[in-house]
Amino acid sequence: MKTTSARSTSVRQYLAAVAREPAVLPADRRHELGSDLAEHIETALAERPGSEAEILRELGDPRVPARPTG
């Protein structure tokens, strides 16, 4: 797995946007969500090298995952 320093600026910015979302989720859940997203992105990049922009577009607005559903 890549380390944070090896992630591109776009990926770091996306994950930072998720982490900045206000307290709609507890801090531990936001951290877990960020970790899960980072792992998903890294797995997708391993399967589809060179498609970073497409993968981030598929994930959508980085602020949306942190909002509660239902």
Side-chain angles (χ1 to χ4, degrees):
M1 181 181 289
K2 295 179 184 178
T3 63
T4 302
S5 61
R7 291 185 186 137
S8 76
T9 300
S10 297
V11 171
R12 286 192 310 270
Q13 289 174 337
Y14 186 92
L15 295 173
V18 171
R20 279 192 306 270
E21 269 306 289
V24 294
L25 290 176
D28 61 333
R29 179 63 185 116
R30 284 193 316 268
H31 178 74
E32 180 182 349
L33 177 62
S35 295
D36 289 349
L37 281 170
E39 184 177 341
H40 173 80
I41 291 167
E42 290 177 9
T43 299
L45 286 171
E47 294 171 357
R48 298 166 28 201
S51 59
E52 177 181 293
E54 181 181 339
I55 291 165
L56 294 178
R57 265 192 310 277
E58 290 169 0
L59 288 172
D61 187 335
R63 296 168 297 177
V64 173
R67 293 194 179 127
T69 58

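All values below were derived from every heavy atom in this structure, side-chain atoms included, with hydrogens, water molecules and symmetry-related copies excluded.
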Non-neighbouring partners of Glu54 that pass side chain to side chain contact (heavy atoms under 4.5 Å, CB included), sequence neighbours left out: Arg48, Ser51, Arg57, Glu58

Side-chain (Tyr14) to main-chain (Ala38) donor-acceptor, under 3.5 angstrom: no

Minimum side-chain heavy-atom gap Thr43-Glu47 below 4.5 Å: yes

Closest non-hydrogen atom pair, Leu15 against Leu37: CD2-CB, 3.8 Å

Straight-line distance of Asp36 CG to Ile41 CD1, nearest 0.5 Å: 11.0 Å

